[in-house]
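In listed order, ligands and their atoms are each counted from 1.
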Amino acid sequence: MHIQVESLTHIYARGTPAERVALRGIHLEIGPGERVGITGPTGSGKSTLVQHIAGLLVPAAGQVLLDGVPAHARTPEARARRRQIGLAFQFPEAQMFEVTVFREVAFGPRHLGLGADEIAARVRWALEMVGLDPDAFADRVPFALSGGEMRRVALAGILALKPRVLILDEPTAGLDPRGRADILARLRAWQAQTGATLILVSHHMDDMAGLVDRVVLLADGQVVADGPTGHILSDCDRLRAIGLSPPPAVALLEALRAAGWPVRTDALDVEEVVAEIVRGSISHKDTKAQRI
Ligand SMILES: Nc1ncnc2c1ncn2[C@@H]1O[C@H](COP(=O)(O)OP(=O)(O)OP(=O)(O)O)[C@@H](O)[C@H]1O
Ligand SMILES: [Mg+2]
């Protein structure tokens, strides 16, 4: 699906003393199958923006087009496009209400009007996709699961809709490092298998480094940067200027560089950083040797 965000402005509580402009003329284009991260400090408008992309909010000005159709319109064309977008809200487990995991994951597919066999097949597939054994989990009560398991069930409920666009609002918030890494690996596998568009909202620079090719940086309701992940996340000065911390790998390389090591600073994961330190240490020795 082709997503176009054009001059999008959103105002909460318009005309009241609590009025708040959350988005100020956003421009953004996301092509089919792209993997895009959206980041920015708290309150910068990330959740508001993705709710617009999912057609859940009405713009104060501007518009979001899904394959050319306004996302929030009350037409059959708009409804059909919205149905192809899966949005996992921040802390989606707060919205679970079914009595079994099976019913919880089946809720969306049932509302698509699918037959019982297709629903059961999708529930199995989606649970496996998020790393939960369907035989062990299908009959369990969602409320009696751990926080991490609930998060996976909520995610399975969205994957079971087989969205062409998956939007995840802070999918790893509150999870431990291993749980985070596992969910990210599963999302990577899901995206590779389906070729769907992935839009990841996250404060975790590390999460984005491993999952998206492009990062959009929001600050105070505006796009302040939009480009390849390595380029955006290695710009320490810009990240700090809007109150974000660079990924630890980048911060480490930046510190080495400040200490005179000839390393580049756009390596984002541990393997790349080690390779860069080794390379830097070799050329560091070379320059020392030349000096002697
Ligand atoms: N329902 C609402 N009513 C009034 N103001 C709101 C509402 N939701 C969000 N806002 C305000 O709009 C701005 C953008 O909020 P939004 O939730 O989009 O930010 P965010 O980037 O997702 O933040 P976070 O990182 O904390 O999730 C904030 O100033 C917020 O206080
Ligand atoms: Mg948010």
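Of the possible polar contacts, none joining the Glu128 side chain to the Trp125 backbone as a donor-acceptor pair under 3.5 Å is found. No side-chain donor-acceptor contact under 3.5 Å links Thr197 to the backbone of Val165. Of the possible polar contacts, one joining the Glu170 side chain to the His203 backbone as a donor-acceptor pair under 3.5 Å is found. Without hydrogens or angle criteria, Asp226 side chain to Val216 main chain gives no donor-acceptor distance under 3.5 Å.
Listed by number with element, the atoms of ligand 1 under 4.0 angstrom from any heavy atom of Ser44 are 19 (O), 21 (O). Shown in contact with His203 at under 4.0 Å from a heavy atom are these atoms of ligand 1, numbered in order with element: 25 (O). Which parts of ligand 1 touch Thr48 is read off a 4.0 Å heavy-atom cut-off, strictly below it: atoms 14 (C), 15 (O), 16 (P), 18 (O). Residue-ligand proximity, Ala22 to ligand 1, at heavy-atom distances under 4.0 Å covers atoms 12 (O), 13 (C), 14 (C).
Distance check for atom 17 (O) of ligand 1: a protein heavy atom is found below 4.0 Å. Protein heavy atoms are absent from the space less than 4.0 angstrom from atom 30 (C) of ligand 1.
Taking the six-membered ring for Trp, Phe137 and Phe102 have ring centres at least 6.0 Å apart.
With respect to Arg152 and Asp182, a salt bridge is recorded, a charged nitrogen being found less than 4.0 Å from a carboxylate O. A salt bridge between Asp176 and Arg180 is absent, with no side-chain N of the basic residue lying under 4.0 Å from a carboxylate O of the acidic one. Salt-bridge annotation for Arg279 and Glu276: present, with a side-chain N of the basic residue lying under 4.0 Å from a carboxylate O of the acidic one. Salt bridge Arg122/Glu118: present, at least one basic N to carboxylate O contact under 4.0 Å.
Checking Thr48 against the Mg ion (ligand 2), every N/O/S atom stays at or beyond the 2.8 Å cut-off. Look at Gln90 and the Mg ion (ligand 2): an N/O/S atom of the residue is under 2.8 Å from the metal.
Residue-level proximity to ligand 1 for Lys46 is carried by backbone and side chain together, each with a heavy atom below 4.0 angstrom.
Proximity of Gly40 to ligand 1 is not established, as no heavy-atom distance is less than 4.0 Å. Contact between Gly45 and ligand 1 is present, with at least one heavy atom of the residue lying under 4.0 Å from the ligand. Residue Gln90 places a heavy atom under 4.0 Å from ligand 1. Residue contacts with ligand 1 leave out His10, since none of its heavy atoms falls under 4.0 Å from the ligand.
Between Phe107 and His111, the two ring planes are tilted [angle within 30° to 60°].
Given atom 8 (N) of ligand 1, the protein heavy atom at minimum distance is Tyr12 CZ, 3.4 Å. In terms of protein heavy-atom proximity, atom 23 (O) of ligand 1 is closest to Gly43 N, 2.8 Å. In this structure, atom 26 (O) of ligand 1 lies nearest to the protein heavy atom Thr42 OG1, 2.4 Å.
Between Glu170 and ligand 1, not a single N/O pair is under 3.5 Å apart.
For Gly86 against Ile158, the heavy-atom pair with the smallest separation is CA-CG2, 3.8 Å.
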